[in-house]
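Encoded as C-alpha cells, the structure appears first; notes follow it.
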Amino acid sequence: MPRYTLNVNGQNYTINPSSGEMPLLWALRDLVGLTGTKYGCGIEVCGACTVLVNGQPEKSCNMSVSEAAGRKIMTVEGLAADPVGQKVQAAWIAHQVPQCGFCQSGMLMAATGAVKAGHHGAEIAHEIDNICVCGTYGRIKQACQGL
Amino acid sequence: MKDHVNTVPEGDLPAGSLGRRAFLQGATAGLILPFAFGLTNRAAQAAAATPTMIGAYIRIAPDNTVTVVIGSTEMGQGIMTGLAQLVAEELQLNWAQVRGEHAPASALWPNPYGNPIFGAQLTGGSTSMMGWYMPMRTAGAIVRDTLLAAAATKYGGVWSLGQGGTVTDGAVSHRFAELLDVAATITPPSTATIGTTTRFIGKTMKRLDVPAKVNGSAVFGMDVKVPGMLFGAVVHCPTLGGTVRTMPAKPANATLVNLTNAVGVVAADTWTAMNVARSIQSRIVWNLPADTSSTDSAQLDALGQSLLTSTTATPFIGEQAGNPDPNSATTHIDATYSLPFLIHAAMEVMNCTASVTADACEIWAPTQGQQFVAPTVQALTGLTPDKVTVHTTFLGGGFGRKIETDYIGQAVLMSQAVGRPVKLIWSREQDFTRDMYRPKALIRVQAGANAEKAMTHLVYRNVSASINLQRGYTDSQNPEDTGALAGAIGMAYNIPNRRIEFLALAPCDVPLGYWRSVGESYNTFAVESAIDELALAAGLDPLAFRKTTMGGPNADPRAIGVMNAVQTLSGWGSALPAGRARGVAFLKGFGSYIAVVAEVSKSRAGEIQVNRFYAAIDCGTVVNPGQVTYQMQGGLLHGLSAAMWHQQTFVHGKAQVSNFNRYPIIRMGQVPDIQVKLVASTAAPGGVGETGVPCVAPAIANAWARLTGVRLRSLPFYPGRTMGDA
C-alpha cells in the first residue's frame, strides 16, 4: 500500500491508503481519524466536506490523497488554533448559527477561507455556496457581517 | 434502570407500531402525566464521588454540573436545549452548569424515555415539547424536593432552593453535589409542584450543542469510532422490489453480505467499501419483479387520476357534515392538485455502527426511533432487548427518515457476518434512491361560496399512497391514522356542509415514510390553494375570506389571531411595488397555528421569485423564542426548496433522482427576507418542527395567481431542475 504524509492542522500524519486516489475526505475521516469534515454528496455540490488546502477552500470529496500530500490542510478541528478560525467560530457561536450542525464544518471552512482571501462582511457570505437543509443561511449572513 | 413508572396506559401503543395521528389527537386532553421516580442503582451510587441519577432524567455530578437526559432526539430542532431549560428553571441553575445528553434506548414498557403523548421512545410529529413540557418540569421539581429533603436530613432545619445549583437555609448554602450521598438514600416523591419563575422559560438560551458543532467535536452517526471496527457500504437493487439472486465472487479487499434487497460491502475504509459497492453493481444478479406498475410514477399517476373521479370506489370518509350540495353556491371551483414523492434528503446520509457478538449487540445510530431498534435487532439476531444497547448520536437532520430501522438492521447483519463492529454509511446515491418517500398525492377539491360571501360546501377527495396500508398496520382501516387527511380535517374553517374523503393510491410499492409535516404537507397545498381560488373567483380578498370562514359561533380565536398578526406583519392590502404580489396560507396543525404570506415577483427569466416571507405562529407557551423562530425560518426554506424543485420519480421501479445536483437545495444568495412573529399565548406548548413547512407552497401559488393570473396546481413548480440552473 502506498504511503503518504498529510499535514493537517499543522501536524503530520503518515497514512497507508489503499490507493493514492482515495479522496482526502475519507482519508481524513477513516485514516487520520478527524471526523469533523463531513460527507454529504461526494460530487462537489453540497460543500459539507470543505477544508482549506494552502488556505483555499476545497471540496475534500474530490481531492485525492496524492494531490493533498505536501500541502497544508486545515479542517474544522484546526480552527481554534488559527486566529481567523477563532474569529469565525466565535461569530458562529454569538449568532447561534448551527441547527443540526452537519453542514457547519463546511460552512465554517468556506467562511474562514473567504476571510483569509481578504473578503469582509457580506462579501464572505456571498462566497459561500454550500447548502444547509436546516436553513441557517440568515444567521450565517449575520455572523459574517462582523468579520 | 429500575422503578420507573409512568402512567401511559399499557396497550395503547404496542411497541413497534405507531398509530400516530389518532393517538396524538386522543392524548391532547391530558398532557400532564404524574411520574413516580426511582433512584438508579441506589447502592452503587451512594458514594458522593460518582455522578448521581435522581429519577431517569437528571444526573448531578460532583463538580455540580447537572445533566439533563432527554428521551427526544436532537436533530437540529434544539430540543436538547429546550428540555434542559425546563429543568434549569425548576432547579434554578446557572446555564453554564447545564449539560444535555441523549437517553439510552429503554427496553422497559412503559418506557421512561417514551414521549408521554404516545408512549414510544421516538421523536416525531413535532411533539417533543408538547409531550415533555410538564413531565420535565415535574422531574426538575421532584429533584428539587429530593435535594431539599436531603439537606434537611443531612444538616437539619429547613432548606430552600438557592441559585446556581445550591440549597440555602438563609444563612448557609450548600452545593447540590454535597447532597448526593444523602439524596441517594431518599425515595423521591412521586410528584412535585412546579415553580413559578421564568428565568429560563421564554428566554433564548444559548444552545448546549453549538460549541461542539463549530469545532468538529460533535459526534454525528457517521462520526462514531469503535475499536476494531470495519467500514461498510451498501448497494440496493436499483429496481424496487428486487432481491439478490446471486452475489458476485468475493473481492480481495472486501466481504460481501447478502442483505436480501441489497448487498452489503465491508472493507478497511469507507472509500474502498463504496468503490466495491459501485463496481459490483452490474455483477449482482437480481430477482426482479415481473410487474413494476406499482412502482412506476406514470402508472401511479394514471391510477390516481382514475380514482379521483371514480364513482365505484368506496372512499374512507374522514369527516362529514351537512349536505355538500353544489346548488347552494353561486360561485364554484373544481380543481385538482398534484404532489410528488419527496426525498427526506437530510444532510447526513443513513448510517449506523453495530457491534454484534453471540450474546450482545451494541448500536450507535442517528436514530429518531429508539423504540424500534431493539425489536429490529431481535428479529435479525434473536437477541432479546435486554441484550441490546443503543447509543443515540446527534442527527445531521432527520425529517422523519431516521425513525426507520432499515439501515440499522443492515449494519447488524454486516457486523454479524464479519464478527467485528461495522460502521455502515450509505452513499448519497443509495440514500436518495432508497428513501422512504413522502407519499405522492392527487387531491380534488370541489367547493362553493354563496352571494353572502360565505363558503357553502367542500367536497374533498385525497388520493394518496398510504403509509399504513403499505406497512400492514392493524389500524389500516383508519387511513386517517397515516396522516393521509391531516390538514384537511379538524380545520379551523367552519364549513357547514362538507365531505372529506380518502382513497388509497394502491397498489403502491414505492417505499413510503413520514416526511416533515406528513399529511399536512400535501393537504395544506390543496386546502389553501382551493380556498384562495374560491375567494378570487368570488371577487373576495383571500385573507378576509379566510377570516370570515373561520368566524361564526365556533370561531377559534387563535386561528384568527395568527391571521390578524400576519395581516399586520406583511402589510396585507397596502400597495406593493409594481410587479409584486402577496399570497397567504394558513394551517392549524401540530398543536399550533400558523399563517404565512409570500411576496413574489417574476424573475427576468419569467419565473417565480420569492422576495419575502412573513410568518405568524401561535405555538402556545414558548420555551425558547429563538429556536421557535429558527424552526420557522428553516421550515419555510425547506418548504421553499420542495415547492420549487423537489420530486422523486420512478420509471419501472427505478428511482430517477440520485443526488443533490438534481434535488436543488436553496442557497445563500437565493434566500428571501423572512420575518417571523410569535403570537403571545399561554396555551400548552404546540409543535414547531414541522409547522413552518406546509403553508409555503400554497402561499407562493396564491401570490403567483394574483401576480399573473396563472394558477399553479402541481408541485414542484419547476421539476427537473439541477443545482446549476435552480
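Chain letters run A, B, ... following the sequence lines, proteins first and then strands; every chain starts at 1. All values below come from the heavy atoms of this structure, side chains included, with hydrogens, waters and symmetry mates left out.
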Open item on the list: Is A:Leu25 in contact with chain B via its backbone, its side chain, both, or neither, using a 4.5 Å heavy-atom distance?
Closed with: neither
Open item on the list: Would the distance check show the side chain of B:Lys213 and the main-chain N or O of A:Gln104 forming a donor-acceptor pair, the cut-off being under 3.5 Å?
Closed with: no
TODO: Keeping the roles fixed (side chain from B:Arg207, backbone from A:Gln99), state whether a donor-acceptor pair exists under 3.5 Å.
DONE: yes
Open item on the list: Please determine whether the number of non-hydrogen atoms from other residues, nucleotides or ligands lying under 6.0 Å from atom NZ of A:Lys116 exceeds 12.
Closed with: yes
Task: For the student: nearest non-hydrogen atoms of B:Met347 and A:Cys103, plus distance - done: CE-CB, 3.9 Å
- [ ] Please look at A:Ala125 and chain B and tell me whether the side chain, the backbone, both or neither of the residue comes under 4.5 angstrom of a heavy atom of that chain.
- [x] both
TODO: Identify which of B:Ser217, B:Pro211, B:Gly396, B:Ala267 forms the greatest number of heavy-atom pairs closer than 4.5 Å to chain A.
DONE: B:Gly396
- [ ] Flag the one option from B:Val214, B:Thr272, B:Val210, B:Asp223 with the top tally of heavy-atom pairs under 4.5 Å to chain A.
- [x] B:Asp223
Task: Side-chain (B:Asn215) to main-chain (A:Leu79) donor-acceptor, under 3.5 angstrom - done: no
TODO: Under 4.5 Å, heavy atom to heavy atom: which of residues 628-638 of chain B reach chain A? Give them by number, or say none.
DONE: B:Tyr630, B:Gln631, B:Gln633, B:Gly634, B:Leu637, B:His638
Task: Close side-chain approach of B:Met75 and A:Phe102, heavy atoms under 4.5 Å - done: no
TODO: Please state whether the side chain, the backbone, both or neither of B:Val349 comes within less than 4.5 Å of a heavy atom of chain A.
DONE: side chain
TODO: Give, for atom NE2 of A:His126 and atom CE of B:Met668, the distance between the pair rounded to the nearest 0.5 Å.
DONE: 11.0 Å
Open item on the list: Do the side chains of A:Arg29 and B:Asp269 get close enough for a salt bridge, i.e. N-O under 4.0 angstrom?
Closed with: no
Task: Candidate pair B:Ile425 and A:Trp26, rule side chain to side chain contact (heavy atoms under 4.5 Å, CB included), full reasoning - done: CA-CA 12 Å; B:Ile425 300 181; A:Trp26 295 112; 4.2 Å; yes
- [ ] Determine yes or no for a side-chain-to-main-chain donor-acceptor pair under 3.5 angstrom, with B:Arg667 supplying the side chain and A:Ile131 the backbone.
- [x] no
Open item on the list: Out of B:Asp431, B:Val224, B:Ile665, B:Thr204, return the one with the most heavy atom pairs under 4.5 angstrom to chain A.
Closed with: B:Ile665
Open item on the list: With a 4.5 angstrom heavy-atom cut-off, is it the side chain or the backbone of B:Phe399 that approaches chain A, or both, or neither?
Closed with: side chain
Open item on the list: Is there a side-chain contact between A:Thr35 and B:Met222 in this structure, where contact means two heavy atoms from C-beta onward sitting under 4.5 Å apart?
Closed with: no
TODO: Any chance you could lay out the side chain to side chain contact (heavy atoms under 4.5 Å, CB included) test for B:Met274 and A:Tyr39, step after step, and finish with the verdict?
DONE: CA-CA 12 Å; B:Met274 283 188 184; A:Tyr39 166 70; 4.0 Å; yes
TODO: Tabulate, in ascending numerical order, the residues of residues 42-64 of chain A having at least one heavy atom closer than 4.5 Å to a heavy atom of chain B, or enter 'none'.
DONE: A:Ile43, A:Val45, A:Cys46, A:Ala48
Task: A:Lys72 atom NZ, over 12 foreign heavy atoms within 6.0 Å - done: no
- [ ] Could you tell me which portion of B:Asp209 (side chain, backbone, both or neither) has an atom closer than 4.5 angstrom to a non-hydrogen atom of chain A?
- [x] side chain
Open item on the list: Quick check on B:Ile666 against chain A: is it the side chain, the backbone, both or neither that has a heavy atom closer than 4.5 Å?
Closed with: both
Open item on the list: A quick test of your reading: do over 12 heavy atoms of other residues, nucleotides or ligands sit less than 6.0 Å from NZ of B:Lys677?
Closed with: no
Task: Minimum-distance pair of heavy atoms, taken over all atoms of B:Trp271 and A:Asp30 - done: N-OD2, 4.3 Å
TODO: Would you mind checking which part of B:Ala345 comes under 4.5 Å of any heavy atom in chain A, side chain (CB onward), backbone (N, CA, C, O), both or neither?
DONE: backbone
Task: chain B contact via A:Leu108 - which portion, at a heavy-atom distance below 4.5 Å - done: side chain
Open item on the list: For a quick test of reading the model, state the closest non-hydrogen atom pair linking B:Phe660 to A:Cys41 and the distance between them.
Closed with: CD1-CB, 4.0 Å
- [ ] Give a yes or no answer on whether the side chain of A:Gln96 reaches the backbone of B:Lys206 with a donor-acceptor pair at less than 3.5 Å.
- [x] no
